[in-house]
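To start, the structure under review is shown below, and the notes come after it.
Counting begins at 1 with the first residue of the sequence. Predicted model, so just to flag it, every value in this text is computed and none were measured.
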Amino acid sequence: MLPTTSTHSNGTLSSRDAARHTAGAKRYKYLRRLLHFRQMDFEFALWQMLYLFTSPQRVYRNFHYRKQTKDQWARDDPAFLVLLSIWLCVSTIGFGLVLELGVVATLKLLLWVVFVDCIGVGLLISTVMWVISNKYLLQQSSRNFDVEWGYAFDVHLNAFYPLLVILHFLQLFFINHVVVINSDWFVGYFVGNTLWLIAIGYYLYITFLGYSALPFLKNTVVLLYPFAPLGLIYILSLSLGWNFTWGLCQFYKFRVQ
C-alpha cells in the first residue's frame, strides 16, 4: 500500500505531513540510510548505472515514479552514491598505478579526487544549476513548483558516472600506449581528446535529460548549447596538438608533489 498524506479541507498538508516533506527531513532520511547498508537497493542502483549508458531516459522515468509515490524527485536511497564512490576510489587507485605514483602519493590523489573533484565540484555545480533552473527555467514562479536541490545533485551524479567510467577507467588502458607517452603523435592526442569529447558530451546530454524531465521547466534546450563550443574546442585541440589526457596526468602528479 502506497503512503498517503492527509490534507485539511482547504487542500493544504497537515503540519505532520508538511514536516515530513521538508527538505531537512528528506536530507536527514537520506543521510541516515548511509549508515544502513542493508536498507540500500544496490541492485536497482546498478540497473541505473547500466541504463545511463544505454537508455538514460529510462532512469529519469523512474524519477517520475518516485515523485508520484514518495512526493519527491530526488533519490531517497544513497546506494547510487555509494557505488559511485567505490568506482571513483578504484579508478583513482588505477591512475596511481599507471602513473607510478607510489602508495602515499596515490592516497593523496584519492583524497583530492574524492573530496575536491567529486564532492566539492559536485556541490558547486549542483548549486549553480539549482539556482539557474529555479530562477530562469521555471514556467511559473510558484512555491508549488521548484527544482529540489537534491534532484540537481542527483542529475549531476547521473551525468558524472559515464564521464568517470570513460576518463577514469577506459582511458587507463590507453595512457601508457598511445595517449600520453607519444603525446606529440596525432593518434595519441586524437584518441585521448576523443574520449574527452565523448565523456563531456555524455555529461551535457544526461544533464539536459534530467532537467527536461521536469514538467514545470521551460527552455531546457539551452542546456544543449555548450555542445557548440565543445565541438569547436575539440577541433582546435586536434589542429593545435593539444593533449588533454597528458595535461590531466601532469596535473595529478603536480597535486601530490
Side-chain angles (χ1 to χ4, degrees), residues 2-3 5 13 20-23 25-27 29-30 33 40-84 87 118-119 121-166 198-228 230:
L2 298 177
T5 58
L13 290 174
R20 183 164 62 88
H21 291 292
T22 62
K26 295 174 182 177
R27 185 164 53 248
K29 179 181 178 181
Y30 184 89
R33 292 189 68 176
M40 300 184 198
D41 191 347
F42 289 106
E43 182 179 354
F44 182 67
L46 286 171
W47 173 87
Q48 289 183 316
M49 288 181 166
L50 172 64
Y51 278 103
L52 282 172
F53 276 101
T54 60
S55 182
Q57 296 91 337
R58 295 187 62 175
V59 175
Y60 288 113
R61 281 201 293 267
N62 176 261
F63 281 77
H64 273 277
Y65 176 76
R66 184 183 301 108
K67 177 62 176 177
Q68 295 171 357
T69 58
K70 299 183 179 180
D71 195 30
Q72 70 178 64
W73 290 96
R75 290 186 177 98
D76 60 345
D77 184 351
F80 187 93
L81 177 61
V82 172
L83 291 180
L84 180 65
W87 259 104
C118 181
I119 298 178
V121 175
L123 293 176
L124 176 61
I125 293 177
S126 302
T127 302
V128 170
M129 292 302 300
W130 173 66
V131 172
I132 291 175
S133 58
N134 281 311
K135 189 172 183 179
Y136 300 107
L137 300 181
L138 282 181
Q139 292 182 1
Q140 54 181 323
S141 299
S142 171
R143 294 181 62 184
N144 296 325
F145 297 93
D146 67 331
V147 178
E148 304 168 7
W149 185 90
Y151 181 79
F153 186 63
D154 280 337
V155 171
H156 167 71
L157 293 182
N158 290 343
F160 181 73
Y161 172 68
L163 183 146
L164 171 67
V165 172
I166 294 171
I198 296 172
I200 298 176
Y202 253 114
Y203 186 93
L204 295 175
Y205 179 62
I206 293 178
T207 298
F208 160 74
L209 290 179
Y211 289 96
S212 63
L214 299 179
F216 49 83
L217 294 185
K218 62 179 180 180
N219 300 328
T220 54
V221 69
V222 300
L223 300 177
L224 294 177
Y225 289 175
F227 270 103
L230 175 64

Could you check, using the six-membered ring where one of them is a Trp, whether Tyr161 and Tyr202 have ring centers closer than 6.0 angstrom?
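Ring-ring flag for Tyr161/Tyr202: false, centres at least 6.0 Å apart.
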Has the side chain of [X] got a donor or acceptor atom that lies under 3.5 Å from a matching backbone atom of [Y]?
| X | Y | answer |
| --- | --- | --- |
| Gln139 | Leu217 | yes |
| Thr207 | Tyr203 | yes |
| Trp73 | Phe63 | no |
| Gln72 | Ala74 | yes |
| His156 | Val121 | no |
| Tyr60 | Ile206 | yes |

Work out which heavy atom in [X] is nearest to a heavy atom in [Y]; give both atom names and the distance.
| X | Y | value |
| --- | --- | --- |
| Pro226 | Leu204 | CB-CD1, 3.9 Å |
| Val221 | Phe208 | CA-CE1, 3.9 Å |
| Phe53 | Pro162 | CZ-CA, 3.5 Å |
| Ser126 | Gly122 | OG-O, 2.7 Å |
| Phe42 | Val82 | CE2-CG1, 3.9 Å |

Angle between ring planes, Tyr51 versus Trp47, binned at 30° and 60°: parallel, tilted or perpendicular?
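If you compare the ring of Tyr51 with that of Trp47, the planes turn out tilted.
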State the [atom1]-[atom2] distance between [X] and [Y], to the nearest 0.5 angstrom.
| X | Y | atom1 | atom2 | result |
| --- | --- | --- | --- | --- |
| Thr127 | Ile132 | OG1 | CD1 | 11.0 Å |
| Tyr151 | Trp130 | OH | CH2 | 16.0 Å |
| Met129 | Leu124 | CE | CG | 12.0 Å |
| Leu164 | Leu157 | CG | CG | 11.0 Å |
| Cys118 | Leu123 | SG | CG | 9.0 Å |
| Leu137 | Leu223 | CG | CG | 6.5 Å |

Below 4.5 Å, heavy atoms only, C-beta onward: do Asn158 and Gln48 meet side chain to side chain?
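No, their side chains stay 4.5 Å or more apart.
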Might you work through the side chain to side chain contact (heavy atoms under 4.5 Å, CB included) test for Tyr211 and Val147, ending with a clear yes or no?
CA-CA 9 Å; Tyr211 289 96; Val147 178; 4.2 Å; yes
Do Asn62 and Arg66 have a side chain donor and acceptor closer than 3.5 Å?
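A donor-acceptor contact under 3.5 Å links the two side chains.
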More than 12 heavy atoms of other residues, nucleotides or ligands under 6.0 Å from CZ of Phe227: yes or no?
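Yes, CZ of Phe227 has more than 12 neighbouring heavy atoms, counting only those of other groups under 6.0 Å.
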Please determine whether the number of non-hydrogen atoms from other residues, nucleotides or ligands lying under 6.0 Å from atom CH2 of Trp149 exceeds 12.
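More than 12 heavy atoms, drawn from other residues, nucleotides or ligands, come within 6.0 Å of this atom.
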